[in-house]
Each structure stands twice: as structure tokens, then as C-alpha cells.
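Let me begin by presenting the structure, written as C-alpha cells, before commenting on it.
The chains referred to below are lettered A, B, ... by the order of the sequence lines, with proteins before strands, and numbering in each begins at 1. None of the values given here were measured: they were computed from a predicted structure.
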There are 2 protein chains.
Amino acid sequence: MEYIAVMVATQESRDVFAALAEPRRRDLIDALGDGESHAVGELVAALRLPQPTVSKDLGVLREVGIVSVTRRGRHRLYRLEGEPLRQVHDWAKTFERFWGHQLDRVKQQAERMAASETASKEGRSC
Amino acid sequence: MEYIAVMVATQESRDVFAALAEPRRRDLIDALGDGESHAVGELVAALRLPQPTVSKDLGVLREVGIVSVTRRGRHRLYRLEGEPLRQVHDWAKTFERFWGHQLDRVKQQAERMAASETASKEGRSC
DNA sequence: CTGACATATTCCATGAATGGAATATATTGC
DNA sequence: GCAATATATTCCATTCATGGAATATGTCAG
């Protein structure tokens, strides 16, 4: 009788979107939105949450690069980093034409035609 | 001995950000990014995933309004809706000044000063 | 060195999301 | 009505995230 051990490579280390899924983490980001560095204690006071909770969420945000941290004495100063949020912004912006914007209908229709042009090579669109 | 039944209002019905947390759902959104209506079968073929998986993810996207659905014969045609994605876009755009953009440093610094001006009323900033 | 403070980490129980298989519903063509 | 097609729903096991309590780590003041 044999046993075969398989190393399962689960745990695809969270990405930016997943980090934003939790409302509390977005609150944290908002709190850092003034562009200043903030100590954990300040954020705890601002959000009125238990310190371990805040620390853990900051940890998640740091993992994906949304915040950076520097030590200063016995404090840790967290600061918002733009790049990862930019990714989210840019991705969403891709669909800009789906909310009217100021784009007049004519141009919008033209864009749709162009898009279905591309998609029609495999009979996939309606 | 008494028992008190408490109705616990859990299940805060997923929001847009949570819906985007799953990469496969973003793939689905990308596939609908041509602005056309697509039947489930088309999406199944495009993403090469089991049909129930696709149906379930479309269900999540529909719950939060990212897609809408219309029936046409035995097909269900899904279409991307802009508004919810706009929310995401707008939220992210709030932090625009955190990625250099073209904004020169002087103006950026000025914005930071203005922001900390606001925050300094409770000794919260560093 | 000691005590107080600031923050991070671990542990554990619980709840929620995921994946897959099976099955249900609805619609069309015959 | 019946078979086939298109899609949704249910069920279940498993994984993953969360929340809270407790505890560990690191740093400063005296």
C-alpha cells in the first residue's frame, strides 16, 4: 500500500481588489487619504476599533502595497501608496463608456460597433 | 427557564467591491466589455469554465447591479451596466493625487498642506 | 533594569465563499 | 406530450476570512 503526498500550492496571496473587499479597509484608506503618515494609534482612535483589528487590516493593505510603513520610535507610521489604487482606477476606467459620461450617443454607438466588429469573428456576440 | 430568540441581521448583502474581489468575476466583466449582450453559453465558451460556475458568478454580479439580464427564448442575455463600476472608479479617483499624474511637485505639496490643515484639529496627523 | 506604552502576532471558534456534482426549471422543436 | 437545449439552483465538503482574547515584541523614560 502506498501513499502519495501531494504538495498543494494553494493560497494565491491576496490581490489589490480582494484587499478592498472589506469595508473597514476602505475606511482605513480613507483615513489615510490626507496624504500624511499616521501612527496606528491615531487610526485606532479615528475608526474606533480594537487595535489588533486595525493592525491586522493594515497588514493586509501592506501586503498588497496599498500602504507603506516606517518606524519612528515606538510608533509605526503608515502612509498611503498610490500605485495599487491606480491599477484599480485604470481598470474601472476601461469601462468608462458604460456610464454615459458626456459622450453623445452617436459616438457611443460607434464604439459599440467597433467592439462587436472584433468579437464577431467567432460568432460570440448577439 | 427561558429562551430568548434573537433575530440576527447578519448577511449585509455583498457590495460592489466584494463582487470584484474574485478574479473570475473580473474576467467575466472583461468578457462583457464589448458592450454587447452575451448569452451564458458564450461566456462559458469564452472563459472555459463549467456552466454552473459561470451562472453563479453572473448571479453575484447581478445582485450588485454590475450586469443586467434579459430573457430571449431559452437564452439569458447578460449585459454590463456602468453605474456600479463608476462608483469604484470614482472612489479610486479620489486618491488620484497619490500617483504623480502630471501634477508637479509644488502643487502636490500644496494639496497635502491643505489636507493636513483639515486633519490637524484633533492632533491626529504627523 | 524596570515599567509603561505602541504595535504586532498567535490562537481559536465561527461564519462565509468556493468548487464540483447533481438536479431542477424553462423553452423550443417535433 | 417528449426529447433536447440553455440556464439556474441546491447540496455538500472544504477552504478561507473574520473577530476577539490573549500574548509577544519592541522601544522609550527614568
Rounded to 10°, the helix from C/dC1-D/dG30 to C/dC30-D/dG1 deviates from straight, judged by its five-pair end axes, by 20°
Rounded interatomic separation in angstrom, taking CG from B/Leu77 and P from C/dT27
14 Å
I want to check one thing: is the phosphate of D/dA17, taken as OP1 and OP2, less than 4.0 Å away from some side-chain N or O of A/Arg25?
no
Check the distance between D/dA8's C1' and B/Arg74's CZ and give it to me in whole angstrom.
16 Å
Phosphate-side-chain proximity, B/His75 and D/dT7, N/O vs OP1/OP2 below 4.0 Å
yes
Between A/Arg71 (CZ) and D/dC28 (P), how many Å, whole number?
11 Å
OP1 or OP2 of C/dA6 versus the side-chain N and O atoms of A/Tyr78: is any pair under 4.0 Å?
no
For a 4.5 angstrom cut-off between non-hydrogen side-chain atoms, does A/Leu49 reach A/Val44?
no
Between B/Asp15 and A/Arg26, is there a side-chain N and carboxylate O pair less than 4.0 Å apart?
yes
Under 4.0 Å from any atom of DNA chain C, heavy atoms only: list the residues of residues 47-55 of chain B that qualify, in numerical order.
B/Pro52
Between A/Arg72 and A/Arg24, which has a closest nucleotide on DNA chain D that is more 5'?
A/Arg24
Under 4.0 Å, heavy atom to any atom of DNA chain D: which of residues 57-65 of chain B qualify?
none
